[in-house]
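What follows is a set of notes on a single structure, which appears directly below.
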Amino acid sequence: MAAGLSSDRRREVLERIRRIPEGHVTTYGDLSPGAPRFAGQVLSACHDPSVPWQRVVRADGSLAKGDRQRRLLEEEGVRFRGSRVDMDSFSVPGDALR
DNA sequence: GCGTTGACTGGAA
DNA sequence: TTTCCAGCCAACG
């Protein structure tokens, strides 16, 4: 379909975030390969409660929203290593969301 | 149509 | 190990 809705790119990113399993996280790079900043811009503009934005973290496991985000992730069972997410066990490949 | 901005990334110091 | 710099794409004014 022509799909002239609000930029398919933006919706594509949001849709992937919804596919992140509870208790797991993914990186901006996996949401939008080549344009990770775009993913961040999308989230900042999208205040949709159905979008688990807290499951999106930086490539190094650090959090963009700091303590507030950390607390939500711990509620889901995501474990931390210092101030960063244990990416070795909870990171999900972008291919798995696609 | 151009320049700026952004919840970023990878490599170098 | 941490900190700094330049690059990247898409949206917005």
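Numbers restart at 1 for each chain; the letters A, B, ... are given by sequence-line order, proteins then strands. Just so it is clear, the model here is predicted, and its values are computed rather than measured.
In this structure, Leu72(A) atom CG and dA7(B) atom P are separated by 18 Å, rounded to whole Å. Spacing between atom CG of Asp67(A) and atom P of dA7(B) amounts to 19 Å, rounded to whole angstrom units. Rounded to a whole Å, the CE atom of Met87(A) is 14 Å from the P atom of dC8(B). Phe38(A) places its CZ atom 18 Å from the P atom of dC8(C), with the value rounded to the nearest Å. Counting to the nearest Å, the C1' atom of dA10(C) and the OH atom of Tyr28(A) are 16 Å from each other. Atom pair Leu43(A):CG and dC8(B):C1' shows a separation of 12 Å (rounding to whole Å applied). Residue Arg9(A) contributes atom CZ, which lies 20 Å from atom P of dC8(B) at whole-angstrom precision. In this structure, the CG atom of Asp30(A) is 15 Å from the P atom of dC8(B), given to the nearest Å.
Proximity note for Ala35(A) (side chain, C-beta onward) versus dC9(C), dG10(B), dC12(C): the nearest is dC9(C). Checked against dA7(B), dA11(C), dG10(B), the side chain of Ala59(A) finds its nearest nucleotide in dG10(B). Nearest nucleotide to the Arg37(A) side chain, out of dC8(B), dC9(C), dA7(B): dC8(B). Checking dC8(B), dT2(C), dA11(C) against every side-chain atom of Arg84(A), the shortest atom distance belongs to dT2(C).
In this structure, Arg79(A) does not pair ionically with Glu74(A), as no charged nitrogen and carboxylate oxygen lie closer than 4.0 Å. A salt bridge links Arg81(A) with Asp88(A); the closest basic N to acidic carboxylate O contact falls under 4.0 Å.
Contact check, Arg58(A) against dC8(B): a side-chain N or O comes under 4.0 Å of OP1 or OP2.
Seen from the ring of Phe80(A), Arg70(A) counts as a face-on cation partner, given the 6.0 Å and 45° thresholds.
Nearest heavy-atom pair, Ala39(A) versus Tyr28(A), reported as atom, atom and distance to 0.1 Å: CB-CD2, 3.9 Å.
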